[in-house]
S.K.: 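Quick one: the structure is below, and I'll ask about it shortly.
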Amino acid sequence: MKSRIKTAVGSYSEKIKPYIQKFIWLIMASVSSLALYVDSAKYNLPDKYKDILISKWLIGRLYFHIKHAVRGIDIFSVLFIGVFYFLLSKAPKYKGSRTEKVVAALISGVIPFMLILCKSYNKKGSWNYFLGSEGAPLLTLIKVIGWGIIIYTLFAIVSNYKFSLTSRHYLLKPFSMKRELLWYTVLFLIFWAPYMLLLYPGCFTPDAKDEIAQLTGKYVNAWSARAIVLSDEGFLINTHHPVFYTEALNITIKIGKLIGSYALAFEGLCLVQALALALCLAYAVAVMKKHGARQRVIMLSAAFFAINPLFPIYAMTVVKDTFFCALFVLVTVLTYELLTAERISRIRLISYFAAVFVFIMTRNNGVYIMALVLIAAALVSLRDKKRVLKIGSAIITAVLIFQIGVVGVIYPALGISKGSSREFLSVPFQQTARYVHEYRDDVSEEEEKAILGVLNGNLDEIGKSYDKEIADSVKSQYCKYATGDDVKAYIKAWLTGLKKHPDSYIQAFLNLHYGWFSFEGNKQIAYSKISDKHIDTLLDGFDNYMGKEIFRDLVNYGLDALMKFPLTAAFLEMATYSWLYVLLIIYAIKEKRFKALAAAGAVYFNYLICFAGPVAYMRYAVPMACALPFVAFTILKNDGKPIITEKNNG
């Protein structure tokens, strides 16, 4: 009898076990989805309730989090929770090995933890959001588990979906690279045309103003020239900005003077930028089509480039990054072509060399990116020594000509000064400023002497200059007369501070760069709000500005409207692109798409360089956004083998 009862109970428990498990998951997901983005401090609660919220009583904290989350819930939250419940009810089991399941579970926990961390720095400027009280870590754990369930469920659904981004019959279709290039370039320019008119004659960035000040000899306005020891006090041009773009501005100014309208000249420059960007994006789409991308993939990629306002706005912005974006995409596509083509022709190799050379001319960090791309390409093609030799010869030749011929010979001969070395110390300076700001009394006399050897002012001023989300404030205090020995002494003092208060250093770095992964930290999308009618203070005669502020306002109203809806705002958030690239690299490693990953090396190495930079904002993420459709296609496509020969590869 007992055995029968035991058997019946066991059988019944096995039947209801999945339902109990799913019920628990739903409860955890509900708690997390309601509590993750809730900041109870913003509500006008009675003091007695606020005391409960900051007390050790976790249940009370959790209760009020959920209560006020429900009060503040909006239609998008309801829609999200509804969609999640539907997916969870239909979700199949995760297909994959035990190792893959463990990795998926870990990633599912890391993602919400990082989002909570980002929120903490956005709201508090520290990690106190989840470490500020004894109950906070446990509340954070509940949120991580709940949201981890949501993400793991999505992973389970994706694991059961077979990606098929390529068509089986693409080789049977006629393909003309010239026709495809022309078609997509014209398509993009047509969609971008309204921005070309509304943003006339371009958006003038602080960097562009500095370059114009260099060209016109306005020392007071040339902040980059004031930060270095000039080789010729009467010649302000330096390598802080790519000389390539400074010269482009020089040509624009001369044309403007010749035709009697600087506004038309700068509009012309922006149109050239738009054409260059459209051509390179069109080439990426055309190569995707050549490699067999499905029609829907091509249509979505083309729509992404045509409709997303980021691309036309930055095309109409007077800034060095636009040409860099265009070459960034071109080099990424050409690298993939060289790694996967059955045979590399001399013409293709010369084209690659030219693209790499112009690429490193358009941005100072281009040399480091291509050096790392070469290493990645060599690692994935170790068995093909001829391929490595050809790719390596193109990259190395371009780098050597630039470093030795251009930087070493041409620039000094023209009197162009070397930019400040402070750019490499953005993160250490930021960490020092926070360390001084938080632990002023712990700074020894030796440390103080070393710090003041590279930064002007006194420790109190350095501490006050600390801006948690941008390093330019403290970086501007760099002493341009600092010697190599001064920098070495500073590095030693920096290491001493790191040993004393590593928490301050870690938090300074996280606070500076959390915006790359935060959906709440994007404070500047574009420069469309910068019209600057007073640029005549830098450029005598720039009094024929014909742009209308109301036209520029239309663009800004459009951006504001897009940012109000989560689905459209995602395309304007740099965090979207960061997270997508994280998922792509995980998938590439899992599926062993190493050649595609090496070709996308420019993207990931550029991220590493950005993490050493002075600020995290959308301008630096635009190159990664430009490359996303192509990189996603090459990593997610059906196979990683060469599918196009040199004869028919366009």
S.K.: What class does the angle between the rings of Phe359 and Phe324 fall in, given that below 30° is parallel, 30 to 60° is tilted and above 60° is perpendicular?
M.R.: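 Parallel, since the angle between the ring planes stays under 30°.
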S.K.: According to the interplanar angle, ranging from 0 to 90°, do the rings of Trp192 and Phe188 count as parallel (below 30°), tilted (30 to 60°) or perpendicular (above 60°)?
M.R.: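 Judged by the thresholds at 30° and 60°, the geometry between Trp192 and Phe188 is parallel.
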S.K.: Cut-off 3.5 Å, side chains only: do Thr252 and Tyr262 have a donor facing an acceptor?
M.R.: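 Thr252 vs Tyr262: no donor-acceptor pair found between side chains.
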S.K.: For Leu382, is the CG atom crowded, meaning more than 12 foreign heavy atoms sit under 6.0 Å from it?
M.R.: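 Above 12, so yes.
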S.K.: Are Glu337 and Lys290 close enough for a salt bridge, meaning some N to O gap below 4.0 Å?
M.R.: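 Salt bridge flag = yes for Lys290 with Glu337.
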S.K.: Using distance alone, with no hydrogens and no angle criterion, decide if Thr483 and Asp486 have a side-chain donor and acceptor under 3.5 Å apart.
M.R.: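 Present: a donor and an acceptor within the cut-off.
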S.K.: Do Gln477 and Ser465 have side-chain atoms, one donor and one acceptor, less than 3.5 Å apart?
M.R.: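 Gln477 vs Ser465: donor-acceptor pair found between side chains.
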S.K.: Distance only, no hydrogens: is a donor on one side chain within 3.5 Å (strictly under) of an acceptor on the other, for Glu469 and Tyr514?
M.R.: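 Yes, a side-chain donor-acceptor pair sits under 3.5 Å.
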S.K.: Once the angle between the rings of Tyr314 and Tyr527 is folded into 0 to 90°, is it parallel (under 30°), tilted (30 to 60°) or perpendicular (over 60°)?
M.R.: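 Because their plane-to-plane angle is over 60°, the rings of Tyr314 and Tyr527 count as perpendicular.
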S.K.: When the aromatic ring centroids of His513 and Phe509 are compared, is their separation below 6.0 Å?
M.R.: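 Yes; Phe509 has its ring centre under 6.0 Å from that of His513.
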S.K.: Going by distance alone, is a donor N or O of one side chain under 3.5 Å from an acceptor N or O of the other, for Ser578 and Tyr607?
M.R.: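 On atom types as modelled, these side chains qualify, holding a pair under 3.5 Å.
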S.K.: Is the number of heavy atoms from other residues, nucleotides or ligands under 6.0 Å of Trp579 CH2 greater than 12?
M.R.: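 Yes, because the 6.0 Å sphere around CH2 of Trp579 holds more than 12 heavy atoms from other groups.
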S.K.: Which residue is it: Trp494, Tyr490, Tyr505? I am looking for the one with a side chain to side chain donor-acceptor pair (under 3.5 Å) to Thr432.
M.R.: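 For Thr432, the side chain to side chain donor-acceptor pair (under 3.5 Å) test succeeds with only one of Trp494, Tyr490, Tyr505, which is Tyr490.
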S.K.: Evaluate the side-chain contact (heavy atoms from CB on, under 4.5 Å) criterion for residues Phe357 and Ile401: first the C-alpha distance (whole Å), next the side-chain angles of each, then the deciding distance (0.1 Å), finally the verdict.
M.R.: CA-CA 8 Å; Phe357 181 74; Ile401 291 176; 3.7 Å; yes
S.K.: Do Tyr245 and Gln273 have side-chain atoms, one donor and one acceptor, less than 3.5 Å apart?
M.R.: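 Gln273 and Tyr245 do have a side-chain donor-acceptor pair below 3.5 Å.
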S.K.: Have Ser231 and Ser417 got a donor and an acceptor in their side chains that come within less than 3.5 Å?
M.R.: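 Present: a donor and an acceptor within the cut-off.
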S.K.: Just grab all the salt bridge (charged side-chain N to carboxylate O under 4.0 Å, His left out) pairs involving residues 358-383, residues at least two apart or on different chains.
M.R.: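 Every salt bridge (charged side-chain N to carboxylate O under 4.0 Å, His left out) pair that includes a residue of residues 358-383, provided the two are not neighbours, is Asp321-Arg363.
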S.K.: Does Trp223 offer a backbone N or O that forms a donor-acceptor pair with the side chain of Asp210 under 3.5 Å?
M.R.: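 Looks like yes, one N/O pair under 3.5 Å.
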